[in-house]
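Here the structure comes first, spelled out in structure tokens, and everything after it is commentary.
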2 protein chains.
Amino acid sequence: MGGVSTTAPATAGRDLPHPARTEIRLEAVLHALSDPMRLQIVRELAAERDELTCSHFDLPVTKSTSTHHFRVLREAGVVRQCYRGTAKMNGLRREDLDDLFPGLLDSLLSAAARQAVRLGG
Amino acid sequence: MGGVSTTAPATAGRDLPHPARTEIRLEAVLHALSDPMRLQIVRELAAERDELTCSHFDLPVTKSTSTHHFRVLREAGVVRQCYRGTAKMNGLRREDLDDLFPGLLDSLLSAAARQAVRLGG
DNA sequence: CGGCTCGTACGATAGGCATCGTAGTACGGG
DNA sequence: CCCGTACTACGATGCCTATCGTACGAGCCG
């Protein structure tokens, strides 16, 4: 506070609001994953075990829509997002989810993989 | 047609359309369970390991809305419904779901139970 | 038959949401 | 300093859905 006109140092105003671990609701997680696009994002994020930029994903929608989906995932507590230069990094909140709902994420991922095999190949 | 005036024997025209096992989609299941009301229904259905009538559930909505939620669950392949007299019985499609997505249902139920304890107790 | 209970069908309503396009902001590099 | 890249914000649109109320159909019971 005080007289600092440029309120924050670097990447100011670029923090993204995330729900705390205890604020994550199962219904919101399920809703977030009930969209094919978002489920696909989460699957890729789980496969690569690292953070990925938004632009890494080649989604069949405009960037506006893409932004929307990533926000839904973040607000549901499924992914953690932060800026790194101009890029926005996305990481799965594995630890938080595993702590809240042990085994759920793995079951969901394996269910999605199984369905992909069944329908796609 | 034919001579039979009462077209069908009993509970005629009262069959309910269900998706076949192979038509059940993960996204639809997750969407169905992302509603608190429907998640509660499924939890009760899993607790009592028997079929339950619609009226057994004391939901804070009108009967119209209740009918709607049960239909969503049925069309997603989560529950199987049939008539028994005037009552409509609801049963969890455990076998189908376990075959398609092994472990998923249990993970979901346990996640829901865990959250109920965490928030309610 | 008459009435009761259970559930359905249909229409209305209000809110949510997936999608787009356009205009704009933040950062890094030449 | 200017430009390109990455992402956002905002408004519009059309669809889906959760909810209700009312009117109705189907089966049971006296």
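To find a chain, count down the sequence lines: A is the first, B the second, and so on, and within it residues start at 1.
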Could you give the [atom1]-to-[atom2] distance, from [X] to [N], as a whole number of Å?
{"X": "A:Ile41", "N": "C:dA18", "atom1": "CD1", "atom2": "P", "answer": "11 Å"}
{"X": "B:Phe70", "N": "D:dA18", "atom1": "CZ", "atom2": "P", "answer": "14 Å"}
{"X": "A:Lys63", "N": "C:dA23", "atom1": "NZ", "atom2": "P", "answer": "15 Å"}
{"X": "A:Met37", "N": "C:dT19", "atom1": "CE", "atom2": "C1'", "answer": "9 Å"}
{"X": "B:His68", "N": "D:dT17", "atom1": "NE2", "atom2": "C1'", "answer": "6 Å"}
{"X": "B:Asp15", "N": "D:dG25", "atom1": "CG", "atom2": "C1'", "answer": "16 Å"}
{"X": "B:Met89", "N": "D:dG27", "atom1": "CE", "atom2": "C1'", "answer": "15 Å"}
{"X": "B:Leu73", "N": "D:dT17", "atom1": "CG", "atom2": "C1'", "answer": "14 Å"}

Looking only at side-chain N and O atoms, does [X] come under 4.0 Å of OP1 or OP2 in [N]?
{"X": "A:His69", "N": "C:dC17", "answer": "no"}
{"X": "A:Thr53", "N": "D:dA6", "answer": "no"}
{"X": "B:Arg71", "N": "C:dG7", "answer": "no"}
{"X": "B:Thr65", "N": "D:dC20", "answer": "yes"}
{"X": "B:Tyr83", "N": "C:dT8", "answer": "yes"}

**Study point:** Over 12 non-hydrogen atoms of neighbours within 6.0 angstrom of CZ in B:Arg118
**Key:** yes
What I want to check is whether an N or O donor and acceptor connect the side chain of [X] with the base of [N] at under 3.5 Å.
{"X": "B:Lys88", "N": "C:dG7", "value": "no"}
{"X": "B:Thr67", "N": "C:dG7", "value": "no"}
{"X": "B:Thr86", "N": "C:dG7", "value": "no"}

Point to revise | Donor-acceptor contact below 3.5 Å, side chain A:Glu51 vs main chain A:Met89 | key: no
Check your understanding: Donor-acceptor pair, A:Asn90 side chain versus A:Leu52 backbone, under 3.5 Å?
Key ->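 At least one qualifying donor-acceptor pair exists.
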Regarding [X], tell me which of base, sugar-phosphate or nothing describes its non-hydrogen contacts under 4.0 Å with the strands shown.
{"X": "A:Arg84", "result": "nothing"}
{"X": "A:Ser64", "result": "base"}
{"X": "A:His56", "result": "nothing"}

Review point. Taking the side chain of B:Asp35 as heavy atoms from C-beta outward, which of C:dC6, D:dA18, D:dG21 is closest to it?
Key: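 Of C:dC6, D:dA18, D:dG21, D:dA18 is nearest to the side chain of B:Asp35.
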Review point. How about B:Thr65 and B:Thr62: does a side-chain donor come under 3.5 Å of a side-chain acceptor?
Key: yes
Check your understanding: In this structure, which one of B:Asp50, B:Asp99, B:Asp106 forms a salt bridge (charged side-chain N to carboxylate O under 4.0 Å, His left out) with B:Arg94?
Key ->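 Only match with B:Arg94 under salt bridge (charged side-chain N to carboxylate O under 4.0 Å, His left out): B:Asp106.
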